[in-house]
Structures are given as structure tokens and as C-alpha cells.
4 protein chains.
Amino acid sequence: MGAVKSKRMPRAVREQQMMDAAVRTFGQRGYRAASMDEIAELAGVSKPLVYLYLNSKEELFSACIRREANALLEAVRAGVEPGLPADGQLWAGLRAFFLHTAENPDGWSVLHRQARSHGEPFVSELGSMRDEIVAFVTGLIGAAAREAHRDPALADRDVVGLAQALVGAAESLAGWANDTPDVSAKEAAATLMNFAWAGLENLMHARPWQPPAA
Amino acid sequence: MGAVKSKRMPRAVREQQMMDAAVRTFGQRGYRAASMDEIAELAGVSKPLVYLYLNSKEELFSACIRREANALLEAVRAGVEPGLPADGQLWAGLRAFFLHTAENPDGWSVLHRQARSHGEPFVSELGSMRDEIVAFVTGLIGAAAREAHRDPALADRDVVGLAQALVGAAESLAGWANDTPDVSAKEAAATLMNFAWAGLENLMHARPWQPPAA
Amino acid sequence: MGAVKSKRMPRAVREQQMMDAAVRTFGQRGYRAASMDEIAELAGVSKPLVYLYLNSKEELFSACIRREANALLEAVRAGVEPGLPADGQLWAGLRAFFLHTAENPDGWSVLHRQARSHGEPFVSELGSMRDEIVAFVTGLIGAAAREAHRDPALADRDVVGLAQALVGAAESLAGWANDTPDVSAKEAAATLMNFAWAGLENLMHARPWQPPAA
Amino acid sequence: MGAVKSKRMPRAVREQQMMDAAVRTFGQRGYRAASMDEIAELAGVSKPLVYLYLNSKEELFSACIRREANALLEAVRAGVEPGLPADGQLWAGLRAFFLHTAENPDGWSVLHRQARSHGEPFVSELGSMRDEIVAFVTGLIGAAAREAHRDPALADRDVVGLAQALVGAAESLAGWANDTPDVSAKEAAATLMNFAWAGLENLMHARPWQPPAA
DNA sequence: GATGAATGAGACTTCATTCAT
DNA sequence: AATGAATGAAGTCTCATTCAT
């Protein structure tokens, strides 16, 4: 007994340990550079056990993508309170997104860097998750548009493009904030919210968006 | 007819053929999955010749990153006409950017997907090119602010933050546009220009930015 | 009958088989000319197993040097009986040395021919073993000097120099005896004993050292 | 004109430049590790020229062995003055040997380390040269024996063994003197002469050989 | 007399995966 | 539930050597 090297754990627990190790390894080394040896060692089990539970490197990676995608989605959903006005919801969603990715850098690396870089079947795997995020954002923006009585409605494709732009901007700012001393994560988030909500023109004319008194 | 298998070419020409093949292979397969065998065959030469001229897989990949990064930078610079007003310059730059990435999907894949996913030294290699783009965009936004006599002036740090956000959004959209059939470069540029210039709120209220009659 | 192709052996046994094969191959072909393929085949295993257990060609060669050096050292130590007079001890040590090198020609080739010819880190590896032999011989000569009440006493440095000369002569003669058919280990030992003990001048005057009636 | 990069040299001169480069490279890197590329570059010519003049790596190495063996032989012969008594001749020969090998470390490495370590045809190549050295030493020792009216004469095989022992002792002492601070080459030579001429027993009883007043 | 261009063959090494217990 | 033993296949890289000028 003791966490040093417990044997004979129930399957579900062992599987999670393996996936933890896999996410960490894939996230840091990349899909191809990660070796099953390293994953098994990090998980504290033998290699055949990894194969017994997860079948192959490919399936293991797919499982990682699914797990991390769902976790991210849940985090964003949980961060948004349905009753708020549109800008408040967006602000809350972005904060949740930033928080989750900062706390799970390996998982985020798996989703953002690795899953896109290694072709099928991983791109498809990621696709279905992105569809869910887009649907969620679409809902948000759609609600905002109705709130503003926008007419005619934004096309779905435009919404997807906007979501892509938002995520890209968020990633870029996160990296910049990380690499630049004395730029806080909150400042970065505010910059993004301004950029996204008010647009450059409004910023040029000194009409920024104001964060809600939180 | 055509260069079926020309032999004894001068070194400079052969090197470009090899780099073409390498960009294509790296862009489609990824850095690790691409094999030197495949690159050599696609270039129509033997493997030792690739090593003789380009030394190693790592150096070859670095050379690809540099070549593609410079080409992209030149394309954007060439697309912007200095005399225009700020939004016109931004619009021109974005069009040039999305056009170039659409016309060089493998080169863009090398920069956006592969160089980021395979650790040092490639990330640094890419970083310096990205810094140049960010500096360029920073200049543009600063000019726009002066043009608008914004008061109080935007802090330098805010300008850089906005430029980071814009560049990140552009990168993300370019990947999306490349991966999504029937999204044209011009549409992507318009989506981003709207997003950046008008901001989401204006979009919600059906007050988008209008492209200049070109 | 015989160990045609025994599978699933414990690691320690397999490692010895591999080292046997490696010593033989290195000794006959040389470090560079020996291929890991040949070693694996001679050991009756696949190449990856050799790497799994012994890591690299360099480490494998180093391990061979250490094993053979220790075996030789032990053989010489075991051959010398502490109670004898000085010339008897020297004679016994030389006999053991030449016998061992004659019985392990590949091991001796690894030590004498290959380890010296392929630079660091092998030369150092061998150096420490050689230092042990020299120290051993130094002790022997020192004992002989005390036994003879030599006065004035030999300087320590002179003793080490003599030991170096003796060891070098032995190494060289062993190589020669191994390469020359019909020169027995005992003859080689006698030649060296005469040379070392009586000196050329005494040989010239037909006053050789006499082996003890064994 | 000038030694920087003279072109169109007569064949004999070019060949010597190549052999110089080859001896240096083979001596330092070893036969296998030396590459024709490195040799050609060090010689300041293109690789095809090396092949044009010297045909193959194997022939080039053989030619190096022959050249260096002859040079060593000549040096020793030139060092010995025929009229001297036996110990004086030996002393002179050893000095010439030490001097030549110290001044031509790469050539000595080719003969002593590399030629023996890489099998046929090099071992044979070296063999004929060793035969000449042995004949020379045999003559010397034979003269000494006649001088001493030794009877019965030493067998040829014994002479070869003694020569081997001498050379081995010399090499070992040379290495030791090089690695040990404040042991001069001359001291090493004296130690060897004592060891060889007087023998350990005489040394034990304080009857060393005396170097001739030079 | 001399060389830039080019390659077939083979080396070391790694990895995903399975077998037998 | 778990693992020590083992390998087929593939990858990066080097080298002696030749061809065409």
C-alpha cells in the first residue's frame, strides 16, 4: 500500500494513469517523437499493458485527443453563466478558456499543435470537437445578434471564421504574455476582449470596451 | 518533353529542387513522418546528394522554414502600398497574406503546423520571422493611431498586444481557409478585416467595415 | 543436439553470449570493420536485442575491453604464488600472461590491437587496466630489489620505468607469439625471462637465466 | 607562384603531398575512420585526382605503409656506425629509432597501430619490412655474439623474439616518458638500455650498463 | 592535369509491436 | 492483472568510388 508502485489497480484507474502519461509525452515531444517506451515508463507500467488496454499508438493518441477536447469544452461551458448579456458571456468564456489551457499546457499542446500536424485520422477526430465548440460559440453569437436585433443574421460560415480568428488571437496573446515580462494574463485577456469586441476602429477613436465590474 | 530526369545540374539549381521537394513533403507528411528517401525521390536525386548539399534533416527543415518565411514576408511587404490610409494598408496586407498562404499551402503548413510542433531549434527559427511580421503590423497600427489623432495615445505595449492578436488571428484563419474547401483567400481576408476593424459589437449591430471600392 | 537456437534466455546469459560474439568479431575484424549485424548473428539474436542490452557499438566495445582486461589481470594474479623468490614469481607471472593471451587470442587482439587503434574513449579504458598491471609488476621488481639488498636502492621512478619496459616487451611478444605459428606460450615466456633477467650481454656471453626445475 | 595553392604540379610532387596527407589522416584517425574526402582536402586536391594517382584507399594505405617503413629503416641504418662495439651500436640504433618515431608520430602510428589492426593485405605488407629490420638486428646481435665468441649461436627465431621484445619495451617507455612529467626521453632511453643490456639481475646487484662517453 | 556532380551499398540506431509465461 | 524477452521494418547518415567535362 502506498502510491509508490501500487499493483493490481482496477482497469479504469490504470487507464487514466496511462492517458495522463500519454498526454504529457505527446504534448511535450510530439506524436511521432513520443515513444511507447517513454509513455509506459512514465505511467509506471510495462509496455504490453499499454497495448492490452489501448491497442496501439494511434488509438492511444486518439483517446488523448478526445479526452482533452471534452475537458476543454466542459471547462468553457462551465465558465459561462447563461443569464449574462453577450459581452459578459464572451468575457467569461475567454477567461475559462485561458485558464484551462494555462493549467493544462500538455493537453492544449496535444489539441492545438499535435492533432493538427499529423494528418488523418487525428484531424477528423479533432474536427468533431471543433464542431461542438463552434456550435457553442455560434449559439453565443447568435444570441447576441438576436439581442441586438441584428438582421439579416450572420451566416454560419462567418461565425466559424470569427471563432477561428478569436482562438488564434487568444493563442497568440497567451504566448506573448508568457514570453513578455510584466504583461499579466489579465491584461492580455483585456486586450483581446477590446480587440474582439470594440474593434480597432473604436480603439483608434478612444472608445474601448469596458470590462464589467467583477 | 519536360525535365524528365535532367542530370548534372549546377548546384544552386539542384538545391532549389531539393528544397521544393522538401517543403512539399514536410508540409504534407510532417517533419518526423517525412523521410529523406521520399524527399530525395521527389527531387529526382539520390539521397547522398541531399546530404551533400543540405547536411542533415534538421538543417534541411530549418532551411525550408527560412525560405518560406522570407517568401511570405516579402509577399506581404510587396502587397502594401505605403501611400494608402491605415485601413487600406491593413486590408492590402491581409489580402496579400491570405493570397500567399493559399497559393503555397505546403509552405504555409511548414510554417504554421510543422515548425511549431517539433520543438527547438525550429520554434526559435520561426520566432524571429514572426517577430518581423509583428513589428510590421505594429508599425501599421501605430500609423493608424496617429492618423486618427487618438488621444490619449495608445501605449506602445498596447499596440504590440493588438498586433500580436491580429497576427495570431490571421495565422489561425489562414490554416482554416486552407483546410476548408470553398473558402477563398479574399473571404478570409474580409472576415478578419471585419473582425479586427469593426469589432464584434459592430458586427452584431450590422455595422460592418466596408472594403474600399477596388 | 546442442544449443541450436535457444530462445527466451535470462538477460545475464544472453549478455554473455553477446559479449562472446562481440569479442570474437572485434578481435578478428577490428572495431570499425566489425558490424553490429555480424555480432548479432554470431550471438544468435536480433540486432535490437543487442542494442537493448548493450546500448551502442561504443559501449559494447568498452564492455569488451573491460571484461577482457579483468580476465587477463585475474589470470596473471592467479598465476603468481606469493611465497616464491623474485625470479620465480616473475617467471610464473609471465607464463600465466602468455598462456592466457594464447588461449584467448580474440580477447588479446581486442586489448592489444583494437583498443589502441581507435582513439578515445577506448585508449583511456585500456590505460587504467594497464596501470594496474604495471603497478603489479612494480611491486614484484621492488620486492626483488629488497630481496637482493640492492645498495644504493633503486629509485622509485627507475622501478616504474623498468616495469613499463617489461610490460611493453611482454605485450609485444604476446602479439608476435599469437601471430607466429609454432611459437608456444612457454617459449615466449622463456625468451622474455631471459631478456629481462639476464640481459642481452649475458645472452651474448652464453650465460642465460635458468628456469627453475618445475 | 607561391605555396598557397599551386596548380599543375608534376605528378611526383603531387603524389608526395597526397601521401603526406594520407599518413597524417590514417595515423590520427585510423584506417577505417579516415575518409578519402578528408585526405583529399588535406592534400589540397580533388578526390578524383587521388584516385587517378593512387587507385584506391587500400592501395593508398599500402603505399603509406611502404613509405614509412622504408623511412624508419633508413633512419636506423643511418644512425648506426659500423665500426663500434656491439653495445655502442645498439645504443646508437635505439637512439635513432626513438628519434625517428618521435619526429614522425603519424608515420609510426600507421606502422605500429594501424597496419597491424586491419588484417590482410596490410599485415603482409608490414611483414616484409619487419623481416628487413629483423635481418638488420640479427646482423647486429650476430656480430656481438661473434665478438663475444658466443657458441653455440643464437637461433634466428630467438633473435626475432628479442627484437620484438626490444621494440615493445621501447614503445612502452616512449609512451610513459611522454605522459609522465619530468621524465626525459634520454632517461627513458638509458632505462631501456640498462634493462636490455644488463638485465634485471645485474641491476639488482648494482652492476648497470654504462653509457659510452658521448 | 584536374574537378564538380552524382550514387550504390551499407553502417548504426530506434520503434511499434508481439509472444510466452 | 501483468511482464521480461524478443524482433521486423524503417530511418538517418557516411563513404568509397565513378562519370563527364
Side-chain angles (χ1 to χ4, degrees), chain A residues 5-11 13-14 32-40 44-60, chain B residues 6-11 13-15 32-40 44-60, chain C residues 5-15 32-40 44-60, chain D residues 6-11 13-14 32-40 44-53 55-60:
Chain A
K5 195 143 195 191
S6 19
K7 302 254 177 181
R8 308 259 156 192
M9 322 243 331
R11 169 159 182 162
V13 177
R14 271 276 194 262
R32 292 286 301 235
S35 86
M36 295 297 269
D37 269 294
E38 190 177 357
I39 292 170
V45 297
S46 71
K47 237 184 323 175
L49 199 59
V50 180
Y51 278 88
L52 187 61
Y53 284 178
L54 290 142
N55 301 317
S56 74
K57 195 185 189 185
E58 199 173 304
E59 279 192 37
L60 173 53
Chain B
S6 16
K7 299 257 175 181
R8 306 259 154 193
M9 324 247 324
R11 173 168 180 156
V13 176
R14 271 281 193 262
E15 268 184 5
R32 291 291 299 244
S35 88
M36 294 298 268
D37 270 297
E38 189 178 356
I39 292 171
V45 297
S46 70
K47 227 187 329 174
L49 201 59
V50 180
Y51 278 91
L52 186 61
Y53 287 174
L54 290 144
N55 301 319
S56 73
K57 196 184 187 183
E58 194 172 311
E59 276 193 38
L60 173 54
Chain C
K5 195 134 196 198
S6 15
K7 299 254 174 182
R8 307 256 153 196
M9 325 247 324
R11 172 168 180 156
V13 177
R14 271 281 192 262
E15 268 185 4
R32 291 290 299 244
S35 88
M36 294 298 268
D37 269 298
E38 189 178 357
I39 292 171
V45 297
S46 70
K47 230 187 327 172
L49 200 60
V50 181
Y51 278 90
L52 186 61
Y53 286 174
L54 290 144
N55 300 320
S56 71
K57 194 182 189 184
E58 194 172 311
E59 275 192 42
L60 173 53
Chain D
S6 19
K7 301 257 175 178
R8 311 258 153 190
M9 322 241 333
R11 170 159 183 160
V13 177
R14 272 276 194 263
R32 291 288 300 235
S35 85
M36 295 298 269
D37 269 294
E38 190 178 355
I39 292 171
V45 298
S46 71
K47 239 185 321 176
L49 200 59
V50 180
Y51 278 88
L52 187 61
Y53 285 177
N55 300 318
S56 74
K57 195 184 188 184
E58 199 172 304
E59 279 191 37
L60 172 54

Exercise for review: Any chance you could measure A:Arg14, atom CZ, to A:Leu54, atom CG, to the nearest 0.5 Å?
Suggested key: 12.5 Å
Study note, to complete from the structure: D:Leu60 atom CG is separated from F:dC15 atom P, nearest whole Å, by 16 Å
**Study point:** For D:Leu52 against D:Arg11, the heavy-atom pair lying closest together
**Key:** O-NH2, 4.3 Å
Review point. In which ranges does DNA chain E form stems of 3 or more consecutive Watson-Crick or G-U pairs, distances under 3.5 Å?
Key: E:2-21 with F:2-21
Practice item. List the atom of A:Ala40, the atom of A:Ser46, and the distance in Å for their closest heavy-atom pair. Key: CB-C, 4.1 Å
Practice item. Identify the heavy atoms of B:Met36 and B:Tyr51 that sit nearest to each other, and give their distance. Key: CG-OH, 3.3 Å
Exercise for review: Grab the CD-C1' distance between C:Glu38 and E:dC12 for me, whole Å please.
Suggested key: 15 Å
Review point. Reckon B:Ala34 touches a base, only the sugar-phosphate, or nothing at all at heavy-atom distances under 4.0 Å?
Key: sugar-phosphate
Review point. Counting any heavy atom closer than 4.0 Å, what does D:Ala40 reach on the DNA or RNA strands: base, sugar-phosphate only, or nothing?
Key: nothing
**Study point:** Name of the residue among C:Lys57, C:Glu58, C:Glu59 meeting side chain to side chain donor-acceptor pair (under 3.5 Å) with C:Asn55
**Key:** C:Glu59
Revision key, fill the gap. Nearest-nucleotide check on DNA chain E, B:Arg11 vs D:Arg32; residue mapping nearer the 5' end is B:Arg11
Exercise for review: Take B:Ser35 and C:Ala12, find for each the nucleotide of DNA chain F with the closest heavy atom, and name the residue whose nucleotide sits nearer the 5' end.
Suggested key: C:Ala12
Study note, to complete from the structure: A:Leu52 CG to F:dG4 P, in whole Å, measures 15 Å
Review point. Would one find a side-chain N or O of C:Arg14 under 4.0 angstrom from OP1 or OP2 of F:dA6?
Key: yes
Could you go over nucleotides 17-21 of chain E and give all protein N or O partners under 3.5 Å, atom names and distances?
{"residue": "E:dT17", "atom": "OP2", "partner": "A:Tyr51", "partner atom": "OH", "Å": "3.1"}
{"residue": "E:dT17", "atom": "OP2", "partner": "A:Lys57", "partner atom": "N", "Å": "3.0"}
{"residue": "E:dT17", "atom": "O4", "partner": "A:Lys47", "partner atom": "NZ", "Å": "2.6"}
{"residue": "E:dC19", "atom": "O2", "partner": "C:Arg8", "partner atom": "NH1", "Å": "2.8"}
{"residue": "E:dC19", "atom": "O2", "partner": "C:Arg8", "partner atom": "NH2", "Å": "2.9"}

Practice item. Measure the distance from CE on B:Met9 to P on E:dT7 and round it to the nearest whole Å. Key: 12 Å
Revision key, fill the gap. Whole-Å distance, C:Leu49 CG to F:dG8 P, equals 11 Å
